[in-house]
Amino acid sequence: MYEEGASGDAVTSRIYRDEPIPRTAALLAGATPPEYREMRKLARSYSIYENSEAIIFYKQGKFMEEFEDDFDFGGEFVRYFPTYQAMNDRQLRGYFSWRTRVRRGIVEKTSLSFAFVYLYELLNQIGTGTPEEGFRRLKSFHEAYGQIDSAINRYARLWLRDYVVYYNLDRSLLDGCPDAEADRAILTLMNYGSHSTDEVFAALVSLSPYRLENSGFFKQYPDDVKTVVAGVFASLSEYYGKNRRNSLCEKFFGKLQTGTSYNMFRSAVFFDRIRRREYVYEINDIYRYRCSGGGWSCDRFLRYKDKLRQIGALLKSIDALMRLQYGFKSALKEEKTTRLFQSIINAEIGKLLEAKRKSARSEITLDLSRLPGIREAALATQNRLIVEEPEEAAGPAVAPPSAPPPETGPAAADEAALLPDAEYGFLGCLLDGGDWGTFARERSLLPSVLVDSINEKLFDRFGDTVIGYDAEKPEVIEDYREELRGMIRK
């Protein structure tokens with residue numbers, strides 16, 4: 001058995017020493033690394049446990065946590081709830097080779113099931129040092145691969161929120177999530193009294209399917225629209241608080257749903273290894289998660305689309321009615337809405353217009369000492385303009401404008417051009433005691449809109465509001481009556 005005189009170590013080494021088996025390069029290239037076989041053996045140890053699929057996935061993932069491969073896999077892997085156990089050896093090598101490149105910053109399109117396996121790994125903190133690092137990797141992969149295949153987006157968005165809640169991370173990580181933005185808007189509306197006009201307007205617009213901020217009328221009168229929108233919401237809220245069982249916010253968003261059963265990391269292969277017993281995570285005052293005895297529940301508003309459409313209908317009605325009262329160039333078909341909503345919208349519009357008229361009057365009242373100088377400057381400007389224009393023949397006399405004024409001649413046109421025919425005729429009615437109400441109705445115009453338009457056009461000349469509108473009746477300011485009369489009779 002052994003040579004005489006040979007030492008025991010030499011004999012042992014000759015008898016038991018392993019000899020390497022020569023392998024060709026081709027054989028080495030196709031060899032499956034032994035880690036895959038060892039990984040599969042783990043499945044036998046945990047197959048008897050409840051939720052064994054999630055446990056096996058977690059244990060196998062931790063075993064292969066730092067493993068890398070470099071294999072050219074040209075196949076496909078398609079599986080609902082994909083796991084390592086569901087893959088054959090070639091698919092496993094294809095997955096881990098793709099994961100190796102992802103971890104090196106090379107995110108490439110692959111089988112969708114591979115992408116979900118990688119997401120499952122991150123949810124289970126496989127390959128991440130801390131929960132915070134896991135969140136960053138999860139968000140980064142969602143942003144990168146979501147642009148390649150949007151099929152992961154709706155799941156990844158949900159899991160990002162669950163991840164923060166489950167691992168008890170800082171709630172500021174959820175600031176950019178769509179649900180968080182919607183909740184902030186609802187909280188603003190629930191506490192509208194402590195928020196500015198701009199904040200209330202922004203909250204309603206963010207929840208509305210009707211894009212009021214893109215309206216041509218809003219672009220021309222942004223501050224007026226914001227004021228009316230905030231005023232309408234406040235008035236409606238007060239009315240509902242006093243006269244209805246449910247608040248306005250409950251009408252728009254429904255009641256706060258409490259104790260609704262919740263499946264953490266729904267549609268994912270996830271091993272609940274923390275197993276919280278009594279735990280509450282509050283995102284905000286209207287959105288919180290609870291875990292009691294291992295079962296999860298959620299308190300929140302459920303924002304149904306048909307509910308949010310009511311906000312859209314309200315904003316569109318405000319847009320349509322403001323266009324009508326302002327005499328805007330293009331009308332808008334009003335949404336079907338209740339008489340209550342219409343009356344409150346019209347009341348808020350009227351309140352704003354009245355406030356603007358009073359503001360204009362009060363400004364002049366404070367500057368009465370400057371009035372003679374303003375009028376002298378206006379007359380001097382007028383005289384300079386008359387001198388610079390070539391002399392023209394006077395037109396025919398203008399009849400008292402209790403009806404629409406007749407055509408004017410060239411000289412009169414120099415003054416009348418300041419106002420369109422309808423406003424010119426309306427001003428004549430006021431000066432001569434004509435029936436201004438009938439005049440406006442026959443032309444489907446609002447007297448308040450005519451007054452505002454005339455005041456705006458003549459302000460540069462008079463430096464003042466020339467028509468007041470008190471007690472629903474327009475009146476020419478007495479200081480300017482004769483000058484206006486002379487202007488329209490030229």
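FYI, side chains are in, hydrogens and waters are out, and symmetry mates aren't considered; it's all heavy atoms of this structure. Here the structure is a predicted model, which is why all the values come from computation and not from measurement.
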Walk me through it: do Asp72 and Arg90 pass the test salt bridge (charged side-chain N to carboxylate O under 4.0 Å, His left out)? CA-CA 9 Å; Asp72 186 12; Arg90 288 180 57 80; over 6 Å; no
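- Nearest heavy-atom pair across Tyr210 and Ser215 is OH-CB, 4.4 Å.
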Let's go through Asp69 and Tyr36 carefully: what are the C-alpha distance in whole Å and the side-chain angles of both, what is the deciding distance for side chain to side chain donor-acceptor pair (under 3.5 Å) to 0.1 Å, and is it a yes or a no? CA-CA 11 Å; Asp69 203 347; Tyr36 292 110; 2.7 Å; yes
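- Looking at heavy atoms from C-beta onward, Leu315 lies in side-chain contact with Val229 at the 4.5 angstrom threshold.
- Annotation for Glu108 and Trp98: closest pair O-NE1, 3.0 Å, computed over non-hydrogen atoms.
- At least one side-chain heavy atom of Leu92 sits less than 4.5 Å from a side-chain heavy atom of Met39.
- Tyr326 and Asp224 share a donor-acceptor pair across their side chains, judged by distance under 3.5 Å alone.
- Side-chain contact check for Asn214 and Lys219: no donor-acceptor pair (N or O, by modelled atom type) lies under 3.5 Å.
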Given the rule in the ring-ring contact (aromatic ring centres under 6.0 Å, His included) test, do Phe201 and Phe218 qualify, once you have shown the distances and angles that lead to the verdict? CA-CA 12 Å; Phe201 177 82; Phe218 172 77; 5.3 Å; yes
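- Judged by the 6.0 Å distance and 45° axis criteria, Arg79 is not positioned over the aromatic ring of Phe77.
- Of all the heavy atoms in Ser208 and Gly312, the pair that sits closest is OG-CA, 3.2 Å.
- Ring pair Tyr58/Phe63: centre-to-centre distance not below 6.0 Å.
- The closest side-chain donor-acceptor pair between Tyr145 and Asn153, if any, does not fall under 3.5 angstrom.
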Worked check of salt bridge (charged side-chain N to carboxylate O under 4.0 Å, His left out) between Lys351 and Glu354: CA-CA 5 Å; Lys351 190 188 301 183; Glu354 180 64 21; over 6 Å; no
Verdict with supporting geometry, Arg323 and Asp319, salt bridge (charged side-chain N to carboxylate O under 4.0 Å, His left out): CA-CA 6 Å; Arg323 288 174 186 235; Asp319 193 0; 2.9 Å; yes
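- In this structure, Lys139 places its NZ atom where only 12 or fewer heavy-atom neighbours from other residues, nucleotides or ligands lie under 6.0 Å away.
- Between Leu236 and Lys251 there is no side-chain heavy-atom pair separated by less than 4.5 Å.
- Judged purely by distance below 3.5 Å, without hydrogens or angles, the side chains of Tyr287 and Arg161 pair a donor atom with an acceptor atom.
- Salt bridge annotation for Glu133-Arg136: absent, with no cationic side-chain nitrogen under 4.0 angstrom from a carboxylate oxygen.
- A donor atom on one side chain and an acceptor atom on the other are found under 3.5 Å apart for Ser111 and Glu76.
- With values rounded to the nearest 0.5 angstrom, Ser52 atom OG is found 10.0 Å from Gln85 atom CD.
- Here the closest non-hydrogen pair linking Val228 and Met322 is CG2-CE, 3.7 Å.
- Taking OG of Ser237 as the reference point, atom OH of Tyr192 lies at 4.5 Å (rounded to 0.5 Å).
- For the pair Asp89 and Arg37, the salt-bridge criterion is not met [side-chain N within less than 4.0 Å of a carboxylate O].
- Taking the six-membered ring where tryptophan is involved, the planes of Tyr155 and Phe116 are perpendicular, since the angle between them exceeds 60° and thus also 30°.
- Figure legend: cation-pi geometry between Arg244 and Tyr240, with NZ or CZ positioned under 6.0 Å from the six-membered ring centre and within 45° of its axis.
- Scanning both residues, Gly61 and Ile126, for their nearest heavy atoms gives O-CG2, 3.3 Å.
- Ser235 and Glu348 share a side-chain donor-acceptor pair at under 3.5 Å.
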Applying side chain to side chain contact (heavy atoms under 4.5 Å, CB included), run through Arg93 and Phe73 and close with a yes or a no. CA-CA 7 Å; Arg93 296 201 66 186; Phe73 175 68; over 6 Å; no
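- Residues Phe96 and Met64 are in side-chain contact: their nearest non-hydrogen atoms beyond the backbone lie under 4.5 Å apart.
- Within the 4.5 Å cutoff, side-chain heavy atoms of Gln125 are placed close to those of Pro131.
- Atom CZ of Arg266 is surrounded by 12 or fewer heavy atoms from other residues, nucleotides or ligands within 6.0 Å.
- A cation-pi arrangement is absent between Arg273 and Phe271, since the terminal nitrogen or guanidinium carbon is not both under 6.0 Å from the aromatic centre and inside a 45° cone about the axis.
- Environment of CG in Asp70: sparse, with no more than 12 heavy atoms of neighbouring residues, nucleotides or ligands closer than 6.0 Å.
- A heavy-atom distance below 4.5 Å is found between the side chains of Phe135 and Val164.
- The distance from the CG atom of Asp149 to the NZ atom of Lys109 is 4.5 Å, given to the nearest 0.5 Å.
- Asp198 and Ser196 share no side-chain donor-acceptor pair at under 3.5 Å.
- Aromatic pair Phe265/Tyr120: ring centres not closer than 6.0 Å.
- A distance of 7.0 Å separates CE in Met190 from OG in Ser247, rounded to the nearest 0.5 Å.
- Side-chain atoms of Leu112 and Ile152, non-hydrogen and from C-beta on, do get closer than 4.5 Å to each other.
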Test Ser292 against Glu278 for side chain to side chain donor-acceptor pair (under 3.5 Å), laying out the working first. CA-CA 5 Å; Ser292 180; Glu278 297 298 327; 3.1 Å; yes
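- Closest approach of Ile283 to Arg171, counting heavy atoms only: O-NH1, 3.6 Å.
- We find the OH-CG distance between Tyr424 and Leu450 to be 15.5 Å, quoted to the nearest 0.5 Å.
- Counting non-hydrogen atoms of neighbouring residues, nucleotides and ligands closer than 6.0 angstrom, the CZ atom of Arg103 exceeds 12 such neighbours.
- Distance OH/Tyr279 to SG/Cys291: 9.0 Å, rounded to 0.5 Å.
- A donor and an acceptor atom, one from each side chain of Glu121 and Tyr84, are located under 3.5 Å apart.
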Would you sort out whether Glu68 and Arg104 count as a salt bridge (charged side-chain N to carboxylate O under 4.0 Å, His left out), showing the intermediate values? CA-CA 11 Å; Glu68 294 186 347; Arg104 294 173 181 175; 2.9 Å; yes
Residue pair Phe328, Phe217: steps toward the ring-ring contact (aromatic ring centres under 6.0 Å, His included) verdict: CA-CA 7 Å; Phe328 194 61; Phe217 182 80; 5.2 Å; yes
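- When atom types are taken as modelled, the side chain of Gln257 and the backbone of Arg300 share no donor-acceptor pair closer than 3.5 angstrom.
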With ring-ring contact (aromatic ring centres under 6.0 Å, His included) as the test, would you mind laying out the steps for Tyr118 and Phe114 before giving the verdict? CA-CA 6 Å; Tyr118 185 66; Phe114 281 174; over 10 Å; no
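- Shown here are the side chain to side chain donor-acceptor pair (under 3.5 Å) partners of Glu238, two or more places apart in sequence or in another chain: there are none.
- Within the 4.5 Å cutoff, side-chain heavy atoms of Leu204 are placed close to those of Leu189.
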